[in-house]
Colleague: 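Attaching a single structure in C-alpha cells format; questions to follow.
All values derive from a computational prediction rather than experimental measurement.
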Amino acid sequence: MKVKMLSRNPHDYIRERKEDLHKMPRNSDPALHPFEAAREYTRALNATKLERVFAKPFVSNLHGHSDSISCLAKHPKRLSCLVSGGCDGEIRVWDLSTAQCTSAFVAHTGFVRGMCVTPSGESLLSVGDDKIVKRWSMERAQSPAALAESSSIEPTHTILGKAPFTSVSHHYRQPLFATSSNQVDIWDEDRSEPVRSFAWGTDTVTSVRFNPVELNICASCISDRSVALYDIRGAVPLRKVILDMKSNCVAWNPREAFNFTIANEDGNLYSFDMRKLSFPLNVHSDHVGAVMDVDYSPTGREFVSASYDKTIRIYPFQGGHSREVYHTKRMQRVFTVCWSADNKFIASGSDEMNIRLWKAKAWEKLGPVSAREKASLVQSEQLKHRYKNHPQIKRIQRHRHVPRLIYSESRKKKEMLSKMKRKSENVRQHTKPSKRTSRRPERRKHVVGAVE
C-alpha cells in the first residue's frame, strides 16, 4: 500500500528573527506569471530613473596650489595618497581620506611636466622644464611633520639632462624609468646617464608610458603627429603610426596587453592594437576640444579623459560614445586626470588651481551597504542591462545636461561632420564608375599611415 505524505521544512517559511521579512512561497513556472516581463520592464524603468535622480558625482575639492595643475600621480600601495604637480614647480602630497595636504615643496623651476611613484611606493620621480630629473622620498613626504618642514625637503637623487623633459614613466618590475624630451631615454635608478636612447626624427616626444603587462614595451606620442612603440631590449624603435593631428597622451590597457588609447588634438580618442597599427580598433568621440589626458580603470573596461573643453568623460573601451560627462560651473580647462586603484574615484586637475574628486559611478552610494541593499542594487543593474535597448530606458540613460557652450559646439560639430559626409557622397555619386573610389570607414579616415 502506497501512502502519500506532505513534508515541509520549517526553515522554508518560518522567520529566524522577528525583524526578518515573512518568507512567501512562490512558484517560478512562467505560465503562472504572464505579466512578469511587464513588471520587470517597469522595475527597470524605475531603476533607471532613480539612477539619474541619485547621480551626484562630485565628492570633494582639494585646494592649495597657487597655479594650474599640470600632472597627477597615484600611489601604487596606498589608495588615499595622491601627488599633484603645478605649473609653478610645486609638488603637493594629499591624503584623500581627510582631503588635506600632507606636504608641499618646490621641486622645479617652471612647469612640473611629469611625475610617477615607483612600484615599491618608496620614491617619487619628477621631471620639469629645468632639464632635471629628481627623486624624492615618499616616506618623508607623507610624514606628519612634512608640511611644517616643507622647505627642508631635499631630493635624494638628481639627474641633469640635455633638454627639457615632458613626461616620466617607471618600469613595473625593474629599477628602470623612461623620460621623454627630444628623444626617449631609458634610465637606471642608480646611474646618472641613460642606459639606452631612442630617437625617431627630430621632433619633441610629448608623452611616454610603460606597458603594465608586456613590461619591456613602451609607447610615446611625438609632436610630428605620430605614436611610436619601443622595446627597451632592442636598439631601435619598433614601429609608429601617423595620424591627422598631434596626440597629447597615451595610456595602456592594464588587462589587455596589446591595446592602448591615445588622446588627440581633434577631440577624439583612438584605441589601437599594437600588432596592427594601420587602423584603430575604435574611435571615441563626444569631446568638442582637444583631449589632454587619458587614464584607464583598473578593470580595463573603461577609461577617463580630460579635455580642453572643461569637461571629463568616461568611455567604455568597446564604445564610441561616453557614458558619463562631468563638469562644474567653476571648472576650467582640464589638463590631467587619473583613476583610483580601487575603481571607485576619479581625480582631475584643471586650470583654476583645484583638484576635484569624482565618483566613477555617479549614482553609487558611498559608505557601508547592507546585504539586502546590495542584493537590490545587483538586481536593478541586471534589469537595466536586460532592457537597456528599449527606447524609453535608452533615452533616460543617455540624456545628460551639459553647459550651453558644450551643447552648441556639439551641434556645430555634428552638423559639420554630416555636411562633409554628404559632400563626399555627392562627389562619389557624380564620378564615373571607372574612377569611383570605395567608401572609407570612419576608423581609417584619421590614420595617415603606419611605419615599420
Side-chain angles (χ1 to χ4, degrees), residues 166-167 169 171-172 178 180 184 198 200-201 203-234 236-287 290-307 313-323 337-339 440-452:
T166 56
S167 69
S169 178
H171 195 281
Y172 283 83
S180 60
V184 174
F198 300 99
W200 200 327
D203 294 276
T204 303
V205 183
T206 58
S207 176
V208 64
R209 290 291 184 272
F210 268 107
N211 192 325
V213 184
E214 292 291 337
L215 303 176
N216 295 311
I217 304 296
C218 61
S220 69
C221 298
I222 310 176
S223 58
D224 63 351
R225 302 173 296 145
S226 65
V227 179
L229 299 176
Y230 312 89
D231 190 334
I232 63 173
R233 297 166 294 187
V236 294
L238 295 177
R239 63 191 70 159
K240 72 175 179 179
V241 57
I242 305 173
L243 288 87
D244 285 337
M245 297 187 71
K246 183 173 75 77
S247 299
N248 293 316
C249 186
V250 59
W252 290 94
N253 192 319
R255 296 301 179 202
E256 299 178 9
F258 303 112
N259 297 335
F260 63 91
T261 300
I262 57 174
N264 202 267
E265 286 278 343
D266 61 0
N268 295 334
L269 297 104
Y270 302 95
S271 294
F272 282 90
D273 188 328
M274 72 176 184
R275 296 168 295 184
K276 191 170 184 179
L277 297 178
S278 57
F279 61 92
L281 296 174
N282 211 334
V283 179
H284 312 277
S285 58
D286 281 346
H287 279 296
V291 187
M292 306 302 295
D293 197 10
V294 59
D295 190 30
Y296 266 92
S297 69
T299 61
R301 297 181 180 180
E302 295 179 321
F303 60 86
V304 60
S305 63
S307 175
R313 291 181 181 265
I314 301 175
Y315 293 85
F317 176 70
Q318 301 290 347
H321 296 278
S322 62
R323 72 159 177 87
V337 70
C338 72
W339 203 308
R440 292 188 66 191
E442 186 67 26
R443 293 187 299 170
R444 296 181 180 270
K445 291 180 180 179
H446 308 280
V447 177
V448 177
V451 181
E452 295 288 340

Colleague: What I'd like to find out is whether the side chain of T299 reaches to under 4.5 Å of the side chain of W339, using heavy atoms alone.
Modeller: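 Counting from C-beta outward, T299 and W339 never come under 4.5 Å.
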
Colleague: Under 4.5 Å between any side-chain heavy atoms of D295 and V304, yes or no?
Modeller: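 Side-chain contact under 4.5 Å: yes.
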
Colleague: Just verifying a value: how many Å separate F258 CZ and I217 CD1, rounded to the nearest 0.5 Å?
Modeller: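 Rounded to the nearest 0.5 Å, the CZ-CD1 separation comes out at 9.5 Å.
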
Colleague: With sequence neighbours left out, what residues match D231 under side-chain hydrogen bond (donor to acceptor under 3.5 Å, both in side chains)?
Modeller: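 For D231 the side-chain hydrogen bond (donor to acceptor under 3.5 Å, both in side chains) partners, ignoring immediate neighbours, are R233.
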
Colleague: What's the shortest heavy-atom distance between N253 and Y296, and which atoms?
Modeller: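 Closest approach of N253 to Y296: ND2-CE2, 3.7 Å.
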
Colleague: Excluding sequence neighbours, so at least two apart, what forms salt bridge (charged side-chain N to carboxylate O under 4.0 Å, His left out) with D266?
Modeller: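 Once residues adjacent in sequence are excluded, D266 has no partner under the salt bridge (charged side-chain N to carboxylate O under 4.0 Å, His left out) criterion.
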
Colleague: Just checking, is any N or O donor in the side chain of S167 or S180 under 3.5 Å from an acceptor N or O on the other one?
Modeller: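 Yes, because at least one side-chain N or O of S167 sits under 3.5 Å from a partner of the opposite role on S180.
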
Colleague: Please enumerate all residues that pass ring-ring contact (aromatic ring centres under 6.0 Å, His included) together with H446, with sequence neighbours excluded.
Modeller: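 If we apply the ring-ring contact (aromatic ring centres under 6.0 Å, His included) test to H446, skipping adjacent residues, the hits are Y270.
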
Colleague: Quick check: closest heavy atoms across R239 and M274, and the distance to 0.1 Å?
Modeller: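 Reported closest heavy-atom pair: NH1-O, 2.9 Å.
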
Colleague: Where does the angle between the aromatic ring planes of H284 and F303 fall among parallel (under 30°), tilted (30 to 60°) and perpendicular (over 60°)?
Modeller: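 Perpendicular: the ring planes of H284 and F303 meet at over 60°.
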
Colleague: Going by the rule side-chain contact (heavy atoms from CB on, under 4.5 Å), which residues pair with S322 if we only count those two or more places apart in sequence or in a different chain?
Modeller: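 For S322 the side-chain contact (heavy atoms from CB on, under 4.5 Å) partners, ignoring immediate neighbours, are D286, R313, Y315.
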
Colleague: R443: what forms a side-chain contact (heavy atoms from CB on, under 4.5 Å) with it, not counting sequence neighbours?
Modeller: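 Scan of R443 (side-chain contact (heavy atoms from CB on, under 4.5 Å), adjacent residues dropped) gives F279, P280, V283.
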
Colleague: Residues in side-chain contact (heavy atoms from CB on, under 4.5 Å) with S278, at least two apart?
Modeller: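 For S278, the residues satisfying side-chain contact (heavy atoms from CB on, under 4.5 Å) (neighbours in sequence not counted) are K276.
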
Colleague: Checking D244 now: which residues fulfil salt bridge (charged side-chain N to carboxylate O under 4.0 Å, His left out) with it, not counting sequence neighbours?
Modeller: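 Counting only residues at least two positions away or on another chain, D244 forms no salt bridge (charged side-chain N to carboxylate O under 4.0 Å, His left out).
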
Colleague: Which pair of non-hydrogen atoms, one from L243 and one from V227, has the smallest distance, and what is that distance?
Modeller: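 Heavy atoms only, the tightest pair is CD1-CG2, 4.4 Å.
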
Colleague: Is the backbone of E302 close enough, under 3.5 Å, to the side chain of S297 for a donor and an acceptor to pair up by distance?
Modeller: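 Yes.
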
Colleague: Do you see a donor-acceptor pair shorter than 3.5 Å between the side chains of N248 and E265?
Modeller: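 Side chains of N248 and E265: pair found under 3.5 Å.
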
Colleague: Listed by chain and number, what are the side-chain contact (heavy atoms from CB on, under 4.5 Å) partners of A450, not counting sequence neighbours?
Modeller: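 Partners of A450 under the side-chain contact (heavy atoms from CB on, under 4.5 Å) test: L277.
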
Colleague: Please report the shortest heavy-atom distance between H287 and G267, naming the atom on each side.
Modeller: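 Nearest pair, atom of H287 first, then G267: CB-O, 3.3 Å.
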
Colleague: With sequence neighbours left out, what residues match W252 under ring-ring contact (aromatic ring centres under 6.0 Å, His included)?
Modeller: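 ring-ring contact (aromatic ring centres under 6.0 Å, His included) check on W252 returns F260.
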
Colleague: Which residues pass the salt bridge (charged side-chain N to carboxylate O under 4.0 Å, His left out) test with R440, sequence neighbours left out?
Modeller: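 Per chain and number, R440 pairs via salt bridge (charged side-chain N to carboxylate O under 4.0 Å, His left out) with no residue.
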
Colleague: With sequence neighbours left out, write down each residue that passes ring-ring contact (aromatic ring centres under 6.0 Å, His included) with F210, or none if nothing qualifies.
Modeller: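 ring-ring contact (aromatic ring centres under 6.0 Å, His included) list for F210, sorted by chain: H171.
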
Colleague: Could you work out, with salt bridge (charged side-chain N to carboxylate O under 4.0 Å, His left out) as the rule, every residue matching E442, not counting sequence neighbours?
Modeller: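 Salt bridge (charged side-chain N to carboxylate O under 4.0 Å, His left out) list for E442, sorted by chain: K445.
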
Colleague: Between N211 and A257, which heavy-atom pair has the shortest distance, and what is it?
Modeller: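 Nearest heavy atoms, N211 then A257: ND2-O, 2.8 Å.
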
Colleague: Quick one: does V447's side chain get under 4.5 Å of F272's, heavy atoms only?
Modeller: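 Counting from C-beta outward, V447 and F272 do come under 4.5 Å.
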
Colleague: Is any NZ, NE, NH1 or NH2 atom of the basic residue among K246 and D203 found under 4.0 Å from an Asp or Glu carboxylate oxygen of the other?
Modeller: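 Looking at D203 together with K246, the answer is no, because their closest N to O distance does not fall below 4.0 Å.
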
Colleague: Measuring only between side-chain heavy atoms, which start at C-beta, is W200 closer than 4.5 Å to V451?
Modeller: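 Yes. Closest side-chain heavy atoms under 4.5 Å.
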
